[in-house]
Every structure is written in structure tokens, then in C-alpha cells.
Amino acid sequence: MEQKFLNQVKDQLDFDSSTPLYIQLKQSIEQAIASKLLVHGSILPSERKLSVALGVSRVTIVKALAELLEQGMVVKKHGKGTMVNLPIHYNLSGGGFSSQLQQQGAVSNRWLVRELIECSAELSHQLELSEDACIAKIKRVRLADDVPVSIETMYIPKDFLPRPDLLEGSLYAYWREQGIEPHTQDYSLSVYEPTEEEARMLDVPHGLPLMKIILKSVDKSGRVLEYGAAICRSDYYKFEFKVQVGTS
């Protein structure tokens with residue numbers, strides 16, 4: 001991947017152009033990011049390696065990276081170097097995972113569970129159902145551009161997802177087709193230490209702090225539509241929310 005990146009950038013540099021080389025280099029790196037050759041977390045080659053491989057001065061490299069740093073497209077990480085910085089911007093009041101991330105990259109699922117189960121005492125309280133009620137359980141690893149970014153486990157009353165085994169993509173897209181619409185959503189966010197299995201599924205070191213989100217959605221009539229949790233990579237997500245203060 002690194003050599004492909006270096007070859008692509010070198011091919012795009014025009015030493016006879018009136019455009020300064022550092023601008024050309026900056027634009028080439030931006031193009032590599034836009035084409036997903038470089039993704040969030042990718043480590044750029046060192047300044048020295050870039051200088052030697054591309055045949056340009058260290059000053060050119062430094063100026064190009066400084067421009068990208070100012071834009072926030074890369075960050076400096078101690079002990080690692082220059083890293084591509086394109087976190088997932090997730091608006092807690094902006095709808096489902098799939099609809100939001102489709103604007104930022106390719107979204108896919110690695111399904112772990114899609115089944116009907118009997119409601120437990122704890123879940124019956126959260127879903128406001130009887131303990132013997134039948135509910136849907138869905139568990140999946142969410143991927144953005146083929147990178148695992150979160151593990152989501154949701155519990156849904158059977159009335160709102162009678163055939164979880166047939167769900168392929170967005171739950172919210174399915175709900176829209178059925179005329180089901182969340183009206184209010186309660187979130188709880190906390191720092192979470194993953195199990196070894198969870199760390200493996202998310203391809204992160206065991207012990208790396210992650211973000212855990214507990215979600216409960218309710219429709220306009222007060223019926224609970226879903227309850228569950230998502231364990232999210234803290235190095236990939238940037239959570240956003242908007243609060244209205246006052247009535248005027």
C-alpha cells in the first residue's frame with residue numbers, strides 16, 4: 001500500500017509546472033485520501049522517506065504536510081509519525097448509522113446474530129414488555145470502507161422486526177418502508193474496556209479504551225422500538241450533537 005501511494009504521488013508531480021511542488025504534493029495526498037488509498041489512521045511515510053522516494057526537498061515535504069495539518073486532514077502522533085485524520089462524524093440526533101455513514105464511505109455489516117429470542121427480565125423492563133414476550137436480537141460488526149468500527153447489539157419488539165433473519169442493511173430504512181418512525185432517543189455514553197473477543201473483532205489492541213453507547217428509541221405513541229448498545233472505536237468516531245437552548 002505504501003509503495004502504491006508513493007508511486008501514485010510521484011507520477012502526479014510535475015516539476016515543470018508553475019504550481020509549487022508542495023501544493024502539488026498536498027493535492028496528491030488529498031487525492032489519495034479521497035480515493036481511499038489512504039484511510040483514517042493510515043501512517044504516512046516519514047519526511048525523509050517521502051523526500052527520497054519523490055525526489056523533492058525536505059522543505060517541500062514539510063510545507064505540504066503543514067498545509068494538511070492546518071486543514072485537520074492529518075495529525076502528528078508521537079512515536080508513530082503523521083497519520084491521516086478522517087474520523088467518522090456521527091450526529092447522535094441525525095438518524096441511523098447506515099444513512100449517516102453512506103455519505104462518508106462504504107458501509108457494510110458482518111452479521112453475528114439475527115434471531116428471535118425470549119425477553120429477559122432486564123430487557124422486559126427496558127422494552128416495556130412481559131418477560132415471556134418474543135423479541136428480535138440483532139448483533140453485527142459495523143464496517144466503514146471495510147474497517148471494523150463498532151459492534152452493535154440491539155433488541156427490538158417482534159412487532160417492529162418480525163423477521164430479523166431477513167434484515168440485510170439498515171434497520172431504519174426497513175422501518176421507513178413499514179411506516180415506523182423513532183420520535184425520541186435516549187443516549188448514554190461511557191468509556192468502555194473491550195473483552196479480548198471484542199478487541200479482536202474490532203482489530204484493536206486489548207485494553208484500548210472504547211466508547212460505549214446505550215440507545216433507547218421510542219415512537220410518537222410512546223412505544224419502545226429498540227434498546228441496546230454499540231461499542232465504538234474511539235480512534236474512529238467523532239460524536240456530535242445539537243442542543244436547543246431556550247424557546248426563542
Pairing residues for K26 by the salt bridge (Lys or Arg N to Asp or Glu O under 4.0 Å) criterion, not counting sequence neighbours: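 Residues passing salt bridge (Lys or Arg N to Asp or Glu O under 4.0 Å) with K26: E30.
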Salt bridge (Lys or Arg N to Asp or Glu O under 4.0 Å) partners for E131, two or more places apart: none
Give, for atom [atom1] of [X] and atom [atom2] of [Y], the distance between the pair rounded to the nearest 0.5 Å.
X    : Y    : atom1 : atom2 : result
Y174 : L166 : OH    : CG    : 8.5 Å
I33  : L38  : CD1   : CG    : 5.5 Å
Y22  : L68  : OH    : CG    : 11.5 Å
S28  : Q24  : OG    : CD    : 7.0 Å
N109 : I138 : CG    : CD1   : 8.5 Å
I29  : S42  : CD1   : OG    : 11.5 Å

Counting only pairs under 3.5 Å, give me each side-chain donor-acceptor contact of residues 53-66, with atom names and distances, residues two or more places apart or in other chains.
from	atom 1	to	atom 2	distance (Å)
S57	OG	T60	N	3.2
S57	OG	T60	OG1	3.1

Side chains of R223 and S221, donor plus acceptor under 3.5 Å: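 Yes - a donor-acceptor pair under 3.5 Å links their side chains.
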Scan [range] for pairs that pass salt bridge (charged side-chain N to carboxylate O under 4.0 Å, His left out), counting only residues two or more places apart or in two chains.
range            : value
residues 13-24   : none
residues 154-169 : R114-E168, R163-D165
residues 225-234 : R233-D235

Under 3.5 Å, which donor-acceptor pairs do the side chains of residues 198-212 form with other protein atoms, sequence neighbours left out?
from	atom 1	to	atom 2	distance (Å)
E198	OE1	Y192	OH	2.8
E198	OE1	T195	N	2.9
E198	OE1	T195	OG1	3.4
E198	OE2	Y192	OH	3.2
H206	NE2	P194	O	3.3

Throw together a table of side-chain donor-acceptor distances under 3.5 angstrom for residues 69-81, partners on residues two or more places apart or in other chains.
from	atom 1	to	atom 2	distance (Å)
K76	NZ	T82	OG1	3.1

Could you pull out all residues at least two apart from [X] that satisfy side chain to side chain contact (heavy atoms under 4.5 Å, CB included)?
X    : answer
E181 : none
V52  : none
N7   : Q3

Side-chain donor or acceptor of S124 paired with backbone N/O of A121 under 3.5 Å: yes
Nonpolar side-chain network containing V224, other nodes, edges under 4.5 Å: I117, L123, L127, L129, I135, Y155, I214, V218, Y227
Lys/Arg-Asp/Glu bridge criterion (N-O < 4.0 Å) met for R140, E152: yes
